[in-house]
Amino acid sequence: MSEIKVSILCLVYNHGKYLRKTLEGFVSQKTNFNYEILIHDDASQDDSAEIIKEYAEKYPELFRPILQKENQHSQKIPIWKAHVAHLVRGKYTAMCEGDDYWSDPNKLQKQYDMMEANPDCAMCVHKVLEINEDGTSTEKYRPYREIREGKYDVQQFLDIQRIYPFHTSSFFMKQELWQDHIMNPADFRKASDVGDEPLLLYMVAHGKIYYIPECMSAYRLFSVGSWSAANKRNINRRIIHAEKMYDMMCLYDEYTDHAYDCHLPVFKGQIYWLKKDYKALIKMDDQSFLKQAGLKKQIYAYACAYLPFLKGLRKRRKRGKDE
């Protein structure tokens with residue numbers, strides 16, 4: 001059997017209504033190398049497992065399904081480490097969850113060629129379209145603002161990382177680095193409540209990240225069981241996430257021996273903003289959060305801190321309009 005160059009990694013849980021779109025994006029890739037698809041279904045309660053079986057029978061040379069009978073996530077079992085990492089055979093790994101999809105059949109080839117031409121890069125990413133749960137476009141992209149094509153080192157990445165620039169469906173990375181991150185997680189990874197952001201931080205600490213400004217995948221917002229859906233209207237969960245992000249960045253600062261500006265005041269400011277602790281926010285020595293938030297948020301924060309009756313008036317006016 002010819003050598004596998006790329007291992008596609010896909011986690012699935014109750015993604016049946018979106019999954020065929022995802023799998024078609026995998027099997028339609030046009031490459032001059034062999035790749036495999038490691039797809040893990042965490043005991044879905046819909047037809048996800050049946051769809052995976054269907055594709056595995058149709059494309060046995062591509063698919064290596066891992067179908068659980070008992071949900072692993074609810075038992076706090078680390079899925080990548082326990083069930084997937086030891087199976088990976090590729091030189092590189094590419095990621096896409098079961099509710100997102102790849103829109104460019106040349107995506108893998110483009111990223112593979114870029115990584116081969118730039119051995120100092122640990123990872124390659126690209127622009128991603130945001131779509132609604134029903135598949136319609138939001139006409140927004142990750143990154144949220146235009147950034148240049150090319151290589152980003154640690155500090156350059158940290159300067160844009162505050163806006164969560166790159167989405168998981170664009171991740172293409174050196175397999176040995178991904179393995180090390182999964183099997184020997186650093187303290188900053190353990191502090192996080194998500195997996196994608198610490199993965200980005202780990203990769204850029206061990207090589208550069210190459211960004212391609214071409215849209216080659218789509219990220220589905222508010223899909224069933226997704227992180228975005230769970231946190232859309234839950235302010236307490238958003239606060240907990242912001243606090244964990246701050247803890248993660250503090251530990252990453254230690255991991256990199258305080259060699260870079262990790263923008264810790266910005267992450268602390270986000271916590272104060274979500275908690276509506278505007279007095280604490282405007283008393284911070286470093287006002288980076290408000291400076292990047294824009295003039296309207298600055299005015300609002302000062303008004304709520306020193307003229308709280310305006311905030312109450314705004315709420316009453318809003319209730320009046322709703323009634």
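Scope of the values below: all heavy atoms of this structure, side chains included, with no hydrogens, waters or symmetry mates.
Checking Glu176, Glu36, Glu3, Glu116 one by one against Lys91, the salt bridge (charged side-chain N to carboxylate O under 4.0 Å, His left out) holds for a single residue, Glu116. Each of Trp273, Tyr302, Phe289 was evaluated against Tyr278; a single residue qualifies, Trp273, per the ring-ring contact (aromatic ring centres under 6.0 Å, His included) test.
Using cut-offs of 30° and 60° for the angle between ring planes, the Phe33 and Tyr35 rings count as perpendicular.
Gln161 CD to Cys262 SG: the interatomic distance, rounded to the nearest 0.5 Å, is 8.5 Å. Going from atom CG of Leu129 over to atom SG of Cys215 covers 5.0 Å, rounded to the nearest 0.5 Å. In this structure, CD on Gln298 lies 13.0 Å from NZ on Lys296, to the nearest 0.5 angstrom. Separating the OG atom in Ser169 from the CE atom in Met216 is a distance of 10.0 Å, to the nearest 0.5 Å.
In the model, His263 has a side-chain atom that pairs as donor or acceptor with a side-chain atom of Asp159 under 3.5 Å. With 3.5 Å as the limit, one finds no donor-acceptor pair spanning the side chains of Gln155 and Asp261. Side-chain contact, Glu133 with Tyr18: a donor N or O sits under 3.5 Å from an acceptor N or O. Between Tyr202 and Asp180, the side chains place a donor N or O and an acceptor N or O closer than 3.5 Å (distance only, hydrogens not considered). A donor-acceptor pair shorter than 3.5 Å cannot be found between the side chains of Gln68 and Tyr13. In this structure, a donor-acceptor pair under 3.5 Å is present between the side chains of Asp113 and Gln109.
The side-chain heavy atoms of Ile212 and Cys124, taken from C-beta on, include a pair separated by under 4.5 Å. Tyr101 is listed as a side-chain neighbour of Arg220, based on a closest heavy-atom distance under 4.5 Å. Contact annotation: the side chain of His206 never approaches that of His181 to less than 4.5 Å [non-hydrogen atoms, C-beta and beyond]. Put simply, the side chain of Leu177 does not reach to within 4.5 Å of the side chain of Met123, judged on heavy atoms.
A salt bridge links Glu54 and Arg20; the closest N-O separation between the charged side-chain nitrogens and carboxylate oxygens is under 4.0 Å. Between Glu146 and Lys127, at least one side-chain N (NZ, or NE/NH1/NH2) sits under 4.0 Å from a carboxylate O, which counts as a salt bridge. Of the charged side-chain nitrogens involved, at least one lies within less than 4.0 Å of a carboxylate oxygen, so that Glu50 and Lys53 count as a salt-bridged pair. Ion pairing between a basic and an acidic side chain is recognised when a charged N comes within 4.0 Å of a carboxylate O; Glu197 and Lys244 show no such pairing.
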Apply the test side-chain hydrogen bond (donor to acceptor under 3.5 Å, both in side chains) to residues Lys107 and His126: give CA-CA distance (whole Å), side-chain angles for both, the deciding distance (0.1 Å), then the verdict. CA-CA 9 Å; Lys107 169 195 152 69; His126 57 73; 2.9 Å; yes

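Within a 6.0 Å sphere centred on CD of Glu139, heavy atoms belonging to other residues, nucleotides or ligands number 12 at most.
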